[in-house]
Amino acid sequence: MSQTQTTISVILKDGTKKEIPTGSTGLDLAKSISNSLAKKSVGLSVNGELQDLVTVLKDGDRVEIITQDDERSYEFLRHSSAHVLAAAVQNLFKSAKIANGPAIEDGFYYDFEIRDHQLTPEDLLKIEKEMQRIVDEEQKFLQVKVENPDKQIEEFKKIGEKFKAENLNEHKDHNPTLYLLQKDGKTTWNDFCKGPHITTSKQIKAFKLLSISGAYWHGDETREKLQRIYGTSWWSKEDLDAYINRLEEAEKRDHRKLGRQLDLFSIQDETGPGLILWHPKLAFVRTQIENFWRELHSKNGYELVYTPHIARNELWNISGHNEFYKENMFYMNIDDQEYVLKPMNCPFHVKIFDSTRHSYRDLPIRLAELGTVYRYERSGVMHGLARVRGFTQDDAHIFCRKDQFVDEIKGVIKLVDEIYSKFGLEYSAELSTKPKDAIGSNENWEFAEAGLMEALKGYGLNYQLNPGDGAFYGPKIDFKLKDAIGRVWQGATIQLDFNLPQRFDIKYTDKDGSQQQPVMVHRAIFGSLERIAAVLIEHFAGAFPLWLSHKQVIVLPITDRHLDYANKIATALKEKNVRIEIDTRAESVNSKIRDAELEKIPYMIIIGDNEARENNISVRARKKGDLGKFNLEDFIVKIEKEISEKSI
RNA sequence: GCCGAAGUAGCUCAGUGGUAGAGCAACGGUUUUGUAAACCGUAGGUCGUCAGUUCAAAUCUGAUCUUCGGCUCCA
């Protein structure tokens, strides 16, 4: 072409067009806008795809320059950090073969097969050192097109990189690229990868390797066993330190640790794994939560029921659990008959519904139960209170007509909102739709999915859509909880069920006298009391709000001669149903305060000569410290308000 | 279930082949104390369990149970 274009035009984030010389990279573009922007830039989003900063731009590209302030920049940093990790490991362990190394939330990992070496924590230090060496050498990340994939696959195979060969083979029709790490123009290492990456290893300012664990190639336990190294990487030392602090804070809040420290619960060898012993303090918290739950459900039109812990095999044949849930169920033999320890409450609730005939006027019927269920969980998956083999679901099943369905779902969402906000838990919703192996008619699924969406929208709730993630028997809404330090937990779930009504053939009599099948909704708000206890322990760092606290107030007399006055105060508070104790030990006040703080008792009342003389009390609040002098009456008003409002 | 690590006093941890240790908690005594730890003393363990090697095992080997970090799965 004789008329070579000397400039091209790209479209920036704000929609403006910019002329740049042909052959310009994203970095050139950034420089042309401002030097400070160029300094901060990490990568690009070109037409919606993340690309290297040095990608050559084409005419008409929509370009967004991604700087370190952009969340997406971590994708570049962490994925590149993973490559540096892989290069370091291969430098140190000659037999190491690399598998996969993505960026993950807050960090990255890389999987290796190392036949002749089992990685140890000491290795991590060595590997970090080698990584730092690569970083300091300012090696360049360079993306090159694989011109001849088959030849490249052969080359990978020849050097034993079978995972890379397999990956490339899978992607050979998708413009495969290699990434090279280069020092002084010489390639030191390469990986098959589509990117994106940072420009040079020097940009990795602060990283740390965190742990080693096992994994399988492609997550498939029949495939090769791999060793995985987890790490984290940040744009600055300060960010890394802040992250490490966050990890430490989370560790301090770990409900398993606090459970022991605060004498909340235990799991013991003799009683068995995944089976919880609720000690008095946590049992008290649970009772308070249960009472709150029962009250709220009664108020919202639910009827409370109780059902047995075991049932004949027959029930589970009808429900289909023996077919679909067998590997999670505990079986037992009684009088030559097979019984099952219940893994779910739903078949019982269906049987209650089915025990009488129902008119369309009776619906909706909402049956609720704090039902304890047992599920066989694989031995490696148990986790404190959060993942156990015996747990109590705050379960309910709604049987309603099609025309009532949307309102019922809205009602559940409202309840979820009401309960979570009481604990100061933020939440988000996810809608999972029809999977491949679904049962039930398309018509039913469409009706149900549309209804769930309508209910979510009607409640003004944003949600993430997970296509194909629903249960085989119906679509569902999951709620994710966010605790005080931003961690996410599985919370409430609302599931539609086309299966059980059919299997149990439940019916109601409609206006025109015809028999109709009700819509059935499963829902749990806490999910399980065990899990919500774990969430709340970590959310409150063990410092439960006043209304949940087993011990609400402790009286700390300064010396023995203040015991009488302390008793008077304690008696007065006890009459108001305040849960109160007196620390009568011959210890210093400082020591008593320390113990009360460690025990996380919400209020301390300190009684000495001054208080006895002035006929008042000194109040100290947990964590906040001295609140000063109070009249007893004023203090009672204050805490009664706090309790009745369930303040947090 | 799989890969790896660990299990010593109520708790946190030290002890790597030769008589089981510390701090805190508990218990006894002294101290009578003003907003996060007074002092002295006492007691407490067949070192997860079962086998094995050895003159001798917390320590080495094997099995097993449990826990932890992941994988997979899930409320």
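In what follows, chains are A, B, ... by sequence order, proteins preceding strands, each numbered from 1.
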Take E369(A) and K342(A) through the salt bridge (charged side-chain N to carboxylate O under 4.0 Å, His left out) test and state the conclusion after the steps. CA-CA 14 Å; E369(A) 177 181 14; K342(A) 70 172 167 183; 3.7 Å; yes
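- Taking the side chain of S379(A) as heavy atoms from C-beta on, and the options G34(B), G1(B), A75(B), the nearest nucleotide is G1(B).
- Judged by distance alone with a 3.5 Å cut-off, a donor-acceptor contact links the side chain of E611(A) to the base of G34(B).
- Taking only side-chain atoms of H383(A), from C-beta outward, the nucleotide of C71(B), G69(B), G34(B) with the closest atom is G69(B).
- Within the nucleic acid shown, R375(A) comes within 4.0 Å of at least one base atom, counting heavy atoms only.
- K629(A) has a carboxylate O that lies under 4.0 Å from a charged side-chain N of E614(A), or vice versa, which qualifies the two as a salt bridge.
- Ring centroid separation for the pair Y110(A) and F112(A) comes in under the 6.0 Å cut-off.
- The aromatic rings of H397(A) and F399(A) are tilted relative to each other, their planes meeting at an angle between 30° and 60°.
- Using C1' as the reference atom, G45(B) and C13(B) are 15 Å apart when rounded to the nearest Å.
- Summary of the strand contacts: G527(A) and K623(A) both lie near RNA chain B, and taking for each the nucleotide with the nearest heavy atom, the more 5' one is attributed to K623(A).
- Applying the Watson-Crick and G-U wobble criteria (two distances, each under 3.5 Å), G45(B) pairs with nothing in any strand.
- The distance from atom NZ of K592(A) to atom P of U33(B) is 11 Å, rounded to the nearest whole Å.
- Applying the Watson-Crick and G-U wobble criteria (two distances, each under 3.5 Å), A36(B) pairs with nothing in any strand.
- Across every strand in view, G69(B) sits in a pair with C3(B) that passes the Watson-Crick or G-U test at under 3.5 angstrom.
- In this structure, I617(A) atom CD1 and G34(B) atom C1' are separated by 15 Å, rounded to whole Å.
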What's touching nucleotides 10-13 of chain B from the protein side, N or O pairs under 3.5 Å?
residue, atom, partner, partner atom, Å
U12(B), OP1, R260(A), NH1, 2.6

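- Salt bridge status for E327(A) with R378(A): absent, with no side-chain N to carboxylate O gap under 4.0 Å.
- Spacing between U46(B) and A20(B) at atom P, rounded to whole Å, works out to 12 Å.
- A distance of about 10 Å separates the P atoms of A14(B) and U8(B), rounded to the whole Å.
- Counting to the nearest Å, the P atom of C27(B) and the CZ atom of R585(A) are 10 Å from each other.
- Classification of D483(A) and R253(A) as a salt-bridged pair fails, no side-chain N sitting under 4.0 Å from a carboxylate O.
- Comparing the same atom, C1', in G48(B) and in C40(B) gives a spacing of 36 Å after rounding to whole Å.
- For K480(A) and D478(A), the salt-bridge test fails: no basic side-chain N is under 4.0 Å from an acidic carboxylate O.
- At whole-Å resolution of the value, CE in M344(A) and P in A75(B) are 7 Å apart.
- A donor-acceptor pair shorter than 3.5 Å can be found between the side chains of E430(A) and N466(A).
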Enumerate all atom pairs, one protein N or O and one N or O from nucleotides 43-49 of chain B, separated by less than 3.5 Å.
none

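- When the P atom is compared between G10(B) and C47(B), the two are found 13 Å apart, to the nearest whole Å.
- Distance, N328(A) CG to G1(B) C1': 12 Å, rounded to whole Å.
- The side-chain ring of Y230(A) is not stacked on the base of G70(B), judged by centre separation under 5.5 angstrom and plane angle under 30 degrees.
- Pairing of G52(B), defined by two Watson-Crick or G-U wobble distances under 3.5 Å, is identified with C60(B).
- When heavy atoms are screened at a 4.0 angstrom cut-off, G625(A) is found touching no nucleic acid atom at all.
- For U32(B), its base sits under 3.5 Å from the side chain of D560(A) at one donor and acceptor pair at least.
- Between the side chain of R531(A) and the base of C74(B) there is at least one donor-acceptor pair of N/O atoms closer than 3.5 Å.
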Does the salt bridge (charged side-chain N to carboxylate O under 4.0 Å, His left out) test come out yes or no for K551(A) and E599(A), once each step is laid out? CA-CA 9 Å; K551(A) 227 184 267 180; E599(A) 225 187 304; 2.8 Å; yes
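- Between R387(A) and E377(A) there is a salt bridge, since a side-chain N of the basic residue sits under 4.0 Å from a carboxylate O of the acidic one.
- We find that NZ of K326(A) is positioned 18 Å from C1' of G1(B), with the value rounded to whole Å.
- The base of A36(B) sits within donor-acceptor range of the side chain of R620(A), with an N or O pair under 3.5 Å.
- If you measure from atom CG of L277(A) to atom P of U66(B), you get 15 Å, rounded to the nearest angstrom.
- Within a 6.0 Å sphere centred on CD of E170(A), heavy atoms belonging to other residues, nucleotides or ligands number more than 12.
- The pair K162(A)-E113(A) meets the salt-bridge criterion, with a side-chain N (NZ, NE, NH1 or NH2) lying under 4.0 Å from an Asp/Glu carboxylate O.
- Separation of the C1' atoms belonging to U12(B) and G17(B) is 27 Å when rounded to the nearest angstrom.
- In this structure, U19(B) forms no base pair with any nucleotide, since neither Watson-Crick nor G-U wobble geometry is met with both distances under 3.5 Å.
- Going from atom CD1 of I605(A) over to atom C1' of G34(B) covers 15 Å, rounded to whole Å.
- One C1' atom belongs to U16(B), the other to A58(B), and the distance between them is 9 Å to the nearest Å.
- Atom P of A63(B) sits at a distance of 29 Å from the matching atom of C73(B), rounded to the whole Å.
- Nucleic acid contact for V373(A): none, since no nucleic acid atom lies under 4.0 Å from a heavy atom of the residue.
- Across all strands shown, R378(A) has heavy atoms under 4.0 Å from base atoms, whether or not it also approaches the sugar-phosphate.
- Checked by distance alone, E377(A) brings a side-chain donor or acceptor within 3.5 Å of a matching partner on the base of A75(B).
- At a threshold of 4.0 angstrom between heavy atoms, the contacts of V381(A) include nucleobase atoms, whether or not backbone atoms are also involved.
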